Amino acid sequence: MPEGHSIHRLARQFRDVFAGRRLAVSSPQGRFAAGAAVLDGRTLVRSAAHGKHLFLHFEHGIVLHVHLGLYGAWDFGGDREFRGASSIGAPRRVGEREVPAGAGADGAGNDGDTAGYAGPPEPVGAVRVRLASDHGWADLRGATTCAAITEAEAEAVLRRLGPDPLHNVNGGRDAFIKRLTARSTPLATLLMDQKVIAGVGNVYRAEVLFRQRIDPLLPGRLLTASAAGRVWDDTAAVMADGVRDGRIITTTAGYWSEPNSLPPSEEAHFVYRRHGQPCRVCGTAVALAEHAARKLYWCPTCQSMDQA
DNA sequence: CGACAATGTGTAA
DNA sequence: TACACCTTGTCGA
């Protein structure tokens, strides 16, 4: 999935292209027909992301709550006034990047030909919900959550989530340190717990633990507060890069064959999906284990020392 | 063409 | 821990 950085990019894009506009809302697939009927014809007031949750606030206090889950994605298109990526969501290959708008004639109807824009194309595949303004459209497919809820219900969702490192909220860092170091649960498990830190997924978990040289199976209780603080700071930095780049890149220019441009996907990660390949730092084969039903990648050498 | 995996989560056993 | 959810690209027969 789309980890937190993708959801923040989505919130920004919805704000840029749809905020203040009256939207036609439909469910071509039919599974969201009732919710679409409630939202149809309302104006989008604002959009917000917290962790992996997207909230589209419509007028009269109705919120479209979307969680992309493992394979959800939004596709966009429109006329020249409709700028931004044409697809944000589940990458299907390692390191796949978003498709930039105007990337060519791809049937998405967003190749910049203003005169040619005659509304959204026929829905392709299982489109759960379609939003459309006078200038563009957005299609959602594969989401695990897509619901029309009240503002109060949206706040209840937020209360269930831990701090989001992409929000500079007072106390978020301290709350994270407290929650990460309170239990004897392995750090690999805790970093995937959205109540501990919202927005981290399998890639950022593996990559940040490597960057900090921390053993993924170390019990949270054994991590010092200062080391936990460094985990938060590094996560915030690398996820902010993800928001900027539209990709998860956790390696630095010194590891790239072409240091003056962003790296190809094979050079973008230290350990994620690199099991069996040599660690970029020490050469040891990257390890892989099934951990709580998810793949966990780490370097047994770089991430085995005591973390003080 | 079918099986399978995928940056996720909720629920049941 | 297992499976359901539900979509699509990849890979092997």
Side-chain angles (χ1 to χ4, degrees), chain A residues 1-10 27-32 49-54 65-75 85-99 106-108 123-130 139-147 149 156-158 160-162 164-166 185-186 188-211 216 235 238-243 245-251 265-266 268-275 288-298:
Chain A
M1 128 140 192
E3 302 195 16
H5 70 298
S6 299
I7 313 309
H8 282 257
R9 284 179 66 86
L10 280 167
S27 179
Q29 173 207 48
R31 279 192 51 177
F32 188 61
H50 192 100
K52 302 169 190 171
H53 295 252
L54 176 67
H65 174 215
V66 172
H67 191 299
L68 294 177
L70 190 53
Y71 37 66
W74 285 96
D75 291 330
S86 70
S87 180
I88 300 178
R92 311 289 178 191
R93 297 179 295 278
V94 192
E96 180 176 3
R97 62 197 69 192
E98 292 169 14
V99 182
D106 56 8
V124 177
V127 177
R128 184 85 52 84
V129 61
R130 163 173 284 180
D139 282 352
L140 172 68
R141 21 167 86 72
T144 198
T145 298
C146 174
I149 63 177
V157 173
L158 288 178
R160 296 201 310 266
L161 295 171
D164 181 337
L166 290 173
T185 307
T189 308
L190 291 167
L191 287 178
M192 294 286 273
D193 183 343
Q194 301 298 298
K195 194 150 184 104
V196 173
I197 182 169
V200 169
N202 208 14
V203 181
Y204 283 125
R205 159 179 81 169
E207 294 297 306
V208 169
L209 285 172
F210 176 86
R211 286 163 56 104
T235 305
V238 83
M239 288 185 73
D241 288 348
V243 173
D245 299 334
R247 302 168 57 196
I248 299 179
I249 299 170
T250 55
T251 51
S265 58
E266 315 86 70
H269 307 140
F270 282 106
V271 292
Y272 179 73
R273 278 217 180 180
R274 293 196 64 247
H275 57 290
L288 165 64
E290 198 83 17
H291 181 81
R294 304 301 298 278
K295 308 261 192 217
L296 173 64
Y297 304 86
W298 78 104

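Note that the structure is a prediction, hence the values are computed from the model and not measured. Lettering of chains follows the sequences in order, A, B, ..., and the numbering in each one begins at 1.
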Nearest-angstrom distance from the residue atom [atom1] of [X] to [atom2] of [N]:
X	N	atom1	atom2	answer
A/Tyr204	B/dG8	OH	C1'	16 Å
A/Lys295	B/dG8	NZ	P	14 Å
A/Arg273	B/dC4	CZ	P	16 Å
A/Leu288	B/dA6	CG	C1'	14 Å
A/Leu140	C/dC5	CG	P	18 Å
A/Asp193	B/dT9	CG	C1'	12 Å
A/Ile248	B/dG8	CD1	P	8 Å
A/Leu70	B/dG10	CG	C1'	14 Å

Taking the six-membered ring for Trp and the full ring for Phe, Tyr or His, determine whether the centres of A/Phe210 and A/His269 are under 6.0 Å apart.
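No, the ring centres sit 6.0 Å or more apart.
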
At under 4.0 Å, does any side-chain N or O of A/His67 touch on OP1 or OP2 of B/dG8?
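No, outside the criterion.
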
Has A/Arg31 got a side-chain N or O lying under 4.0 Å from the OP1 or OP2 atom of C/dC5?
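For C/dC5, OP1/OP2 do not have a side-chain N/O of A/Arg31 under 4.0 Å.
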
Considering only atom [atom1], compute the distance from [N] to [M] and round it to an integer number of Å.
N	M	atom1	value
B/dA13	C/dC5	P	14 Å
C/dA13	B/dA5	P	15 Å
C/dG9	B/dT9	C1'	22 Å

Can A/Val129 and A/Trp74 be said to form a side-chain contact (heavy atoms from CB on, under 4.5 Å), step by step?
CA-CA 10 Å; A/Val129 61; A/Trp74 285 96; 4.0 Å; yes

Measuring from A/Lys52:NZ to A/Thr144:OG1, what's the distance to the nearest 0.5 Å?
11.5 Å

When we call it a touch if two heavy atoms are under 4.0 Å apart, what does A/Glu290 touch: a base, just sugar-phosphate, or nothing?
nothing

Run the salt-bridge test on A/Lys295 and A/Glu290 with the 4.0 Å N-O cut-off and return the result as yes or no.
yes

Closest approach to the side chain of A/Thr144, judged atom by atom: which nucleotide of B/dG8, B/dA6, C/dT7 is it?
B/dG8

For A/His53 and A/Gln194, run side-chain contact (heavy atoms from CB on, under 4.5 Å): C-alpha distance rounded to whole Å, both residues' side-chain angles, the deciding distance at 0.1 Å, then the answer.
CA-CA 11 Å; A/His53 295 252; A/Gln194 301 298 298; 6.0 Å; no

